[in-house]
Undergrad: 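Okay, handing you the structure first.
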Amino acid sequence: MLLVLAAIIVAVELAAVASQIAPLVRIGYEQADRPDRLVRDADLDPLSFYAPTGAFVAAQRLIPRDATYAMVVGEKPGEANPKIVLDLFRMWLLPRRYTERVAEAEYVIAYYRPSESLGVDYVEEIGLGPGVNVVRVVP
Amino acid sequence: VTRIDLGLAAHGILLPAVGHSLLYGLGLARLRRADVLLLGLSYLLGWAALASLLSLALIVGIPSGLTTVVLLAAALVVCGVLAGRRTADGYAPPARRPWHPAAAVAAGLGGAVLAVEAIAALVVSVKSEWITDIDVLNAWLPRAHSIHLSHQLDATLWGSFLAPWYPPLAPVGYATTFDFVGGFHPSVLPFQQTLLGIAFLLAVVGLLARSAPPWLTLPSLALLTTTPWFWWRLQSLLPDQTLAYLLVIAAIACVLWLDERRGAWLGVALVLLTAATLTKLEGLLFGSILVVVVLVAGFVVHRRAALPACVLLLAPLAILPWRLWLATHEVVTSSPEYNTTQLDSPGFLADRIDRLTYALEYMLRAPFTGEGLTAVMVCLSLAVLLAVAPRIPAIAAAVGVWLGLSFIGLACVYWIANLEVDEYLGQTASRVGTTLIIAAWALSPLLLGLALRRSPGETSDSPSLRTRFRTKP
């Protein structure tokens, strides 16, 4: 009796597999044809759904690794939750120290927010990308 | 060949080497040709052991990094080899039996599908974009990046990202990959995750090889791999499916211990359950229930000879150092979304009983609402459990009670939470609850195999017990 049940189960399994396998194999086959990408692009591209990835790279280049920075996120219509944008920058800019207090930061990133409204005096303003700037605060 | 390729290759060699040494130490492997069957288990066990030890090392303040990983791996290999010299070689490879042509076709088809699906998953993990789940971006990856850079647990940083009470194993595992490839490269992680998933599938094949015929195991795993949610999550950076791998292989090891009473299976289960505890709180929940159920079943079946199984209690206790670290570093120790302080208040629980009934109904209905494969898997798993119960009652009861209590335990999580229940279930029930479906499904060929080995009317769960009874005058 158990053997019959086992045989029925195996038959059901193979029939179900036959009905479902094609789409997954097709996906694998189509992906195999895609050109290889640079690792840096592959790391960053998926994040473009949430924020402009060029800004991550530019901020990484401009803010020294031992610096403290803050970030002020403004409203950008149709964009991701500001908290996610902030967390992405924080993740990407490690080991740079993030602070919530703009007054304590050496650099402040203004994300879709005018630099003049940050409430700090700065010596330099550098564009990181459309709508994104970083200011170096007066020491 | 880049530094990243070399790093991935070194990581990919180190993990099975560590795992195989542990299996050697436990007396399950002996560097013979048949050990190829244990390659998947070696990889998974090596990953779990190294990630658990690294997590505990970080918790007590030992810095992580490539040197620490290599030293820990070397220590595990040496311990395994030394222990293996003292362990009797009691684990025979599966016996070769002549196959019925239909059985050979079923096993061949199952194996071919598994191979094709595994290759397709590997291709997708390399070529397609990594999946940016919100929890991955807000919790798991930033912490992994922080560990990779600082080689320690930075309490301030840890507490500033989502759900700091979650244990550190998943970020530690990702940070180790970053250490090997020489930088923060999240795009290589899906490949690592897919390798872990394939190791899990191979581990099931290896573990079941002596208890269930391949014509049962391979088509079963082929169906699991073809199920879209399982296949897509092979490359997911959320640790939910990883947790399923750990718990399911631990459960299989526990069933094998109930059947054979070989202490080595307890060692395998201990390592995997410890890793599950340090991966997610669901690992602690499902793992603790498994330990209690296996202990009860063990004492029923094996009487005092089940005493060594108490070692499994160490696995849930692995959460204590983590809770202590959170408390001493003034990081939030539990989610404010759960009313853990009011669990002893009957009035509080009664007031929100509708959340429990809604969660139970939702979770029972869920497998039958999507594509048909999940419903087929649930129904067949249930049928197998009922069918084998007369021949292996204690093992079937243990598996059924573990799955049932875990299901109720998960529903209770939704019961005591403050979050809007429908939204909470919608976001989490699928990826957390599928652990139980994978477990039920992967255990089915094992249960069938064990039951088929018993002759009809024979109900003893333990061959050793059976022998003892028969030899008594």
Undergrad: With a 4.5 angstrom heavy-atom cut-off, is it the side chain or the backbone of Arg26(A) that approaches chain B, or both, or neither?
TA: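 For Arg26(A), neither part sits under 4.5 Å from chain B.
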
Undergrad: Tell me, out of Leu141(B), Leu109(B), Ile119(B), who's got the most heavy-atom pairs with chain A below 4.5 Å.
TA: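 The candidate making the most pairs under 4.5 Å is Leu141(B).
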
Undergrad: So which of Leu24(A), Val17(A), Val10(A) has the largest heavy-atom pair count under 4.5 angstrom toward chain B?
TA: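 Most pairs with chain B among the choices: Leu24(A).
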
Undergrad: Among Arg34(A), Glu30(A), Met1(A), which has the most heavy-atom pairs under 4.5 Å with chain B?
TA: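 Of Arg34(A), Glu30(A), Met1(A), Arg34(A) has the most heavy-atom pairs under 4.5 Å with chain B.
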
Undergrad: Any donor and acceptor pair, going by atom type alone, linking the side chain of Asp121(A) with main-chain N or O of Val138(A) inside 3.5 Å?
TA: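 No; judged by distance alone, with no hydrogens or angles, the pair does not exist.
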
Undergrad: Counting heavy-atom pairs under 4.5 Å to chain B, which of Val12(A), Val25(A), Ile8(A), Val39(A) comes out on top?
TA: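 The option with the most such pairs is Val39(A).
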
Undergrad: Would you call the rings of His148(B) and His151(B) parallel, tilted or perpendicular, where under 30° means parallel and over 60° means perpendicular?
TA: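 Rings of His148(B) and His151(B): perpendicular, over 60°.
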
Undergrad: Rounded to the nearest 0.5 Å, how far does OG of Ser125(B) lie from CG of Leu195(B)?
TA: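 Here the rounded value is 7.0 Å.
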
Undergrad: Below 4.5 Å from any heavy atom of chain B, which atoms of Leu14(A) appear? Answer side chain, backbone, both or neither.
TA: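 For Leu14(A), side-chain heavy atoms alone lie under 4.5 Å from chain B.
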
Undergrad: Is it the backbone or the side chain of Pro23(A) that comes under 4.5 Å from a heavy atom of chain B, or both, or neither?
TA: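 Neither part, no heavy atoms under 4.5 Å.
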
Undergrad: If you count heavy-atom pairs under 4.5 Å with chain B, which of Ala42(A), Pro46(A), Ala32(A), Gly28(A) comes out on top?
TA: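 Winner by heavy-atom pair count: Pro46(A).
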
Undergrad: Which bit of Trp232(B) comes within less than 4.5 Å of chain A, counting heavy atoms only: side chain, backbone, both or neither?
TA: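 The side chain, not the backbone.
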
Undergrad: For chain A, which of Val116(B), Leu373(B), Leu380(B) has the most heavy-atom pairs under 4.5 Å?
TA: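 Winner by heavy-atom pair count: Leu373(B).
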
Undergrad: Under 4.5 Å, counting heavy-atom pairs only, tell me which of Gly372(B), Pro186(B), Ala120(B), Ala103(B) racks up the most with chain A.
TA: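 Of Gly372(B), Pro186(B), Ala120(B), Ala103(B), Pro186(B) has the most heavy-atom pairs under 4.5 Å with chain A.
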
Undergrad: When rounded to the nearest 0.5 angstrom, what distance separates CD in Gln235(B) from CD in Glu129(B)?
TA: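 Those atoms lie 11.0 Å apart.
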
Undergrad: Could you tell me which of Ala387(B), Ala222(B), Ser220(B) has the largest number of non-hydrogen atom pairs under 4.5 Å with chain A?
TA: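 With the most close heavy-atom pairs to chain A, the winner is Ser220(B).
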
Undergrad: Hey, what do you get for CG (Leu238(B)) to CG (Asp133(B)), rounding to the nearest 0.5 Å?
TA: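 The CG atom of Asp133(B) is 4.0 Å from CG of Leu238(B), to the nearest 0.5 Å.
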
Undergrad: Taking heavy atoms only and a threshold strictly under 4.5 Å, list by residue number the residues of residues 440-447 of chain B that touch chain A; give 'none' if the list is empty.
TA: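 Residues of residues 440-447 of chain B touching chain A at under 4.5 Å: Trp441(B).
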
Undergrad: Measure Thr225(B) against the heavy atoms of chain A and call it side chain, backbone, both or neither at under 4.5 Å.
TA: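 The answer is the backbone of Thr225(B).
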
Undergrad: Heavy-atom count around Glu100(A) CD within 6.0 Å, excluding the residue itself: above 12?
TA: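 For Glu100(A), atom CD is not crowded (no more than 12 foreign heavy atoms under 6.0 Å).
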
Undergrad: Please classify the contact between Leu94(A) and chain B as side chain, backbone, both or neither, with a heavy-atom cut-off of under 4.5 Å.
TA: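 It is both, since atoms from each part get that close.
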
Undergrad: For Asp43(A) and Arg37(A): C-alpha separation, side-chain torsions, deciding distance, then whether salt bridge (charged side-chain N to carboxylate O under 4.0 Å, His left out) applies.
TA: CA-CA 10 Å; Asp43(A) 290 338; Arg37(A) 288 172 300 164; over 6 Å; no

Undergrad: Can you find a side-chain donor-acceptor pair between Thr374(B) and Trp229(B) that sits under 3.5 Å?
TA: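 Present: a donor and an acceptor within the cut-off.
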
Undergrad: Side chain to side chain donor-acceptor pair (under 3.5 Å), that's the test. Do Ser115(A) and Glu125(A) meet it? Break it down for me.
TA: CA-CA 8 Å; Ser115(A) 300; Glu125(A) 180 186 28; 2.5 Å; yes

Undergrad: Chain A: which of His145(B), Met377(B), Arg143(B) shares the most heavy-atom pairs with it under 4.5 Å?
TA: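 Result: the option with the highest number of such pairs is His145(B).
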
Undergrad: If I compare all heavy atoms of Gly159(B) with all of Pro164(B), which pair ends up nearest, and what's the gap?
TA: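 The pair with the smallest heavy-atom distance is CA-CB, 3.8 Å.
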
Undergrad: For Leu448(B), which atoms come within 4.5 Å of any heavy atom of chain A: side chain, backbone, both, or neither?
TA: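 Just its side chain gets close to chain A.
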
Undergrad: Do side-chain atoms of Tyr112(A) reach the backbone of Pro130(A) as a donor and acceptor pair under 3.5 angstrom?
TA: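 Yes, the answer is positive, given that a donor and an acceptor are paired below the 3.5 Å cut-off.
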
Undergrad: Any side-chain heavy atom of Thr434(B) sitting closer than 4.5 Å to one from Phe230(B)?
TA: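 In short, these two side chains do not touch, never coming nearer than 4.5 Å.
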
Undergrad: What part of Leu149(B) gets within 4.5 angstrom of chain A, counting heavy atoms only: side chain, backbone, both, or neither?
TA: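 Contact with chain A: side chain only.
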
Undergrad: By a 4.5 Å heavy-atom criterion (distance strictly below it), what part of Asp41(A) contacts chain B: side chain, backbone, both, or neither?
TA: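 It is neither, since no heavy atom gets under 4.5 Å.
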
Undergrad: Using a cut-off of 6.0 Å, state whether more than 12 heavy atoms not belonging to Phe368(B) lie near its atom CZ.
TA: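 For Phe368(B), atom CZ is crowded (more than 12 foreign heavy atoms under 6.0 Å).
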
Undergrad: Measuring from atom CG of Leu47(A) to atom CH2 of Trp92(A), what distance do you get when rounded to the nearest 0.5 angstrom?
TA: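 Here the rounded value is 6.0 Å.
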
Undergrad: Establish, from distance only, whether the side-chain atoms of Asp45(A) and Ser48(A) form a donor-acceptor pair under 3.5 Å.
TA: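 There is no such pair (donor and acceptor under 3.5 Å, judged by atom type) between the side chains of Asp45(A) and Ser48(A).
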
Undergrad: Need one label for Trp231(B): side chain, backbone, both or neither, based on atoms under 4.5 Å from any heavy atom in chain A.
TA: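 For Trp231(B), the side chain is the part near chain A, not the backbone.
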
Undergrad: Please classify the contact between Leu122(B) and chain A as side chain, backbone, both or neither, with a heavy-atom cut-off of under 4.5 Å.
TA: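 For Leu122(B), there is no contact with chain A at all, as no heavy atom is under 4.5 Å.
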
Undergrad: With a 4.5 angstrom heavy-atom cut-off, could you sort out which part of Leu88(A) is near chain B: side chain, backbone, both or neither?
TA: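 Side chain of Leu88(A) only, per the 4.5 Å heavy-atom cut-off to chain B.
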
Undergrad: Establish, yes or no, whether the cationic atom of Arg90(A) lies under 6.0 Å from the six-membered ring centre of Phe161(B) and within 45° of the ring axis.
TA: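 Yes, a cation-pi geometry holds between Arg90(A) and Phe161(B).
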
